[in-house]
Each structure stands twice: as structure tokens, then as C-alpha cells.
Amino acid sequence: MEQFINTFFNGMSLTSIILLASLGLSITFGLMRVINMAHGEFIMIGAYTTYVVQTLLQSLLPNLYYILAIPVAFIVAFIFGSILEKLVISRLYGREIDSLLATFGVSLILQQAARTIFGSQGVNVKSPSFLSGGVNIGNLTFSYNRLFIIFLVLFCLAGVWWVMYRSPFGKQMRAVMQNRAMAQCMGINSRRVDNLTFAIGSGIAGIAGCSIALLGSVDSTVGQSYIVNAFMVVVLGGVGNLKGSVIGAMIIGFASIFAENYTSATMAKAIVLFIVILFLQKRPQGLFVTRTRDLD
């Protein structure tokens, strides 16, 4: 029972990380139909931003620098996303293959820029004192940093849900994504909506990088470890569907942990990929289908 509970907690932790990495992608890929291969680099930007904030503020605010790094990571990734959308993505809407190739080139540029600025060796983000240690229950230990990440993901999930389904901007965003021409006829500035939507998705990826920085070394390829799982979550759950992203992340996260616990890491990846392929053969549209007003 203790082994099962420990495995379940690890699955919950991996699910939260994958979900946070895929939340931004569910907006840029799911709603905007933009295949953003540079999404992992926005995770990297958030992780490196956390390291910079730590370097500047750790001596002044030893217990608060990480809390301050979360909104800073969002803002920095938001700005980078807005610039990328304005300069590159805005010219490639409706051209999925072109957007894939362009963002792959941007991904390589950002990785090389990170190596030039921070070096090829990984850097480490130290957990603040209130995230050190864990909760001991019997022979089990639940680390504070992973519990914090789980609560951070819940907070971000609630924020994304409010923006998409309760805020005036969310209504404009969904209107543009469902029927751009009609939304423009109703007076919605689709260019502004496109830019802000992509920037918000990039900012959420920055928060994902901030949380991932707590778990290991940060280097120029840190985002590449999560980008494949993030795409699988969005496709498995149904593009543009928040509830589907949550369930998809749970399927991939728990399947990975339980399979790895009884086999190996390589075999676990193969099993998860087999599960996703088998599911999409039966239901290619994903778990949930986003309703649209477009006429096929």
C-alpha cells in the first residue's frame, strides 16, 4: 500500500508538471491552430528567468525570491511570445507546415542564445527554505516543492478557465477562433486577440519553466523534455478543450509512472505512446470535441 501511495503521488506530480507545460500549448495549438515547436523554449525562458531572479534577489529576499520569480517568468515569456507572434506567427496563420518550420527555426535560435548567455553547463535553482523538506506520513515523504507545484497548477488552471470562459477577452478569443470573419464583422480586433492569446499561452509556459526549475538542472534543452508529452496531451484531450487537457495529462502522467515503476523508463515511454496511438485510432478527434460555428 505504501508503494502504491508513493507511486500515485509521483504520478500526480508528473501529471501536474505535464499539465502546466501543456496549458499554454492548448491555447496556441488547440485554439489558434499554430504548431509552435518553440513552446519548449518558452519553458526554458521561464526557467532561466527564475535563475536570474534568484541571482539578483536571493541575498535580499531569501524566502520570497522564488514567489517573485513566478510572475516575472510569466511576464518575460509573455513579452517574448508577443514579439514572436507579431514578427513571425502573424504571417503564417492557416499555414500549419510553414508555422512548424518557422517555429522550429526559432527554437534553435533561442537554444543557441541561451547557450551563449548562460553557457552550455546547466544552472541550478535553489528551493527557498519553506519548500525544503516534506511532509512525513508513516514511511512516506511528500516533498514540499512537489506539493507546491500541484497547488500552483491548480491555481493556473483556475486562472486559464476564468480567462477563457468568464472574462470578456475570453469570449472574444473563442469567437475569433470559432469564426474569424464573423467576429471581425462584430467589431472584434482579431489581430489584438491573436497577439494576446499567443502571448498568454507563452506566459503560462514560462510559469511551467519556473516550476520545473525546482526539480533539476536548467539548461538550453530543458523544455524539450516536456514538449512531446505536451503535444500528446493536447491531441489526446481534444484540441482547444481545457477539460480534455486535464484528463489527457492524467492519462499520460499516471500511465508513465505506473509503467516505469514495473518496467523501465524506456519501456514506459513506449507503453504511453502505444496507448495514445491506440486511443486515437478509435477516437481521432480526442476525448472532447470543441464546438464550432464554421460550416464544413
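What's counted below: heavy atoms across the whole structure, side chains too, no hydrogens, waters or symmetry copies.
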Of all the heavy-atom pairs spanning F78 and L196, show the shortest one and how long it is. CZ-CD2, 3.8 Å

Donor-acceptor pairs under 3.5 angstrom involving side-chain atoms of residues 145-154: please list them, not counting sequence neighbours.
unit_1 : atom_1 : unit_2 : atom_2 : d
N145   : OD1    : S143   : OG     : 2.9
R146   : NH1    : S13    : OG     : 2.6

Atom of L92, atom of S99 and distance for their closest heavy-atom approach: CD1-CA, 3.7 Å

For F130, does the CZ atom have more than 12 heavy-atom neighbours from other residues, nucleotides or ligands under 6.0 Å away? yes

Nearest 0.5 Å, what's the OG-NZ distance between S167 and K171? 8.5 Å

For the CD1 atom of I257 and the CG atom of L14, what is their distance to the nearest 0.5 Å? 4.5 Å

Are any non-hydrogen side-chain atoms of E41 and V106 less than 4.5 angstrom apart? no

Might you work through the side chain to side chain contact (heavy atoms under 4.5 Å, CB included) test for Y165 and R174, ending with a clear yes or no? CA-CA 9 Å; Y165 298 105; R174 288 183 287 120; 3.9 Å; yes

Side chain to side chain contact (heavy atoms under 4.5 Å, CB included) assessment of Y65 paired with L60: CA-CA 8 Å; Y65 68 89; L60 297 175; over 6 Å; no

Report yes or no: do L84 and I109 belong to one cluster of Ile/Leu/Val/Met/Phe/Trp/Tyr joined by side chain heavy-atom distances under 4.5 Å? no

List the atom pairs, donor and acceptor, that lie under 3.5 Å between side-chain atoms in residues 45-52 and the rest of the protein, sequence neighbours left out.
unit_1 : atom_1 : unit_2 : atom_2 : d
Y48    : OH     : S220   : N      : 3.4
T49    : OG1    : I45    : O      : 2.6
T50    : OG1    : G46    : O      : 2.9

Pair F8 + F254: ring centers closer than 6.0 Å: yes

Return yes when atom CZ of R191 has more than 12 non-hydrogen atoms of other residues, nucleotides or ligands closer than 6.0 Å, and no otherwise. yes

Exam field: side chain Q111 to backbone T221, donor-acceptor pair closer than 3.5 Å: no

Could you give me the CA-CA distance, side-chain angles and deciding distance for T103 and I89, then say whether side chain to side chain contact (heavy atoms under 4.5 Å, CB included) is met? CA-CA 8 Å; T103 54; I89 303 298; 3.5 Å; yes

Honestly curious: do M232 and F104 fall in one hydrophobic cluster under the side-chain, below-4.5 Å linking rule? yes

Can you tell if the side chain of R192 reaches within under 4.5 Å of the side chain of Q172, non-hydrogen atoms only? yes

Taking it one step at a time, do M267 and E260 satisfy side chain to side chain contact (heavy atoms under 4.5 Å, CB included)? CA-CA 7 Å; M267 184 61 67; E260 184 175 343; over 6 Å; no

Using the rule that Ile, Leu, Val, Met, Phe, Trp and Tyr join whenever any side-chain heavy atoms are under 4.5 Å apart, tell me whether W161 and V163 fall into a single cluster. yes

Please say which of I43, I207, V125, V218 ends up in a side-chain contact (heavy atoms from CB on, under 4.5 Å) with I212. I43

So, taking the atom named CG in N195 and the one named CG in N189, what distance separates them when rounded to the nearest 0.5 Å? 10.0 Å

Under the 3.5 angstrom rule, does the side chain of N229 hit a backbone N or O of I18 as a donor-acceptor pair? no

Rounded to the nearest 0.5 Å, how far does NE2 of H39 lie from OG of S202? 7.5 Å

Closest non-hydrogen atom pair between G81 and F198, with its separation: O-CD2, 3.3 Å

According to a hydrophobic-cluster definition based on side-chain heavy atoms being under 4.5 Å apart (Ile, Leu, Val, Met, Phe, Trp, Tyr only), do F74 and I67 belong together? yes

When you measure from the side chain of S22 to the backbone of L25, do you find a donor-acceptor pair of N or O atoms at a distance under 3.5 Å? no

Rounded to the nearest 0.5 Å, how far apart are CG of L214 and CD1 of I17? 9.5 Å

Donor-acceptor pair between S90 and E85 side chains, under 3.5 angstrom: no

To the nearest 0.5 Å, what is the distance between OG (S129) and OH (Y66)? 14.0 Å

What's the shortest heavy-atom distance between A77 and G206, and which atoms? CB-CA, 3.8 Å

Tell me whether the count of non-hydrogen atoms from other residues, nucleotides or ligands lying under 6.0 Å of CZ in R91 goes above 12. no

Can you tell me if CZ on F80 sees more than 12 non-hydrogen neighbours from other groups inside 6.0 Å? no

Are the side chains of I83 and K86 in contact, using a 4.5 Å heavy-atom criterion? no

Please report the closest heavy-atom contact between Y226 and A21, naming both atoms and the distance. CB-CB, 4.2 Å

If we only count heavy atoms from C-beta on, is the S120 to D219 side-chain gap below 4.5 Å? no

Donor-acceptor pair, side chain of S26 and main chain of L23, under 3.5 angstrom: yes

Going by heavy atoms in the side chains, are M37 and I35 under 4.5 Å from each other? yes

Search all heavy atoms of I70 against all heavy atoms of C210 and return the closest pair with its distance. CG1-SG, 3.7 Å

Between the main-chain N or O of N124 and the side-chain N or O of Q54, is there a donor-acceptor pair closer than 3.5 Å? yes

ILVMFWY network linking I117 to L56, side-chain heavy atoms under 4.5 angstrom: yes

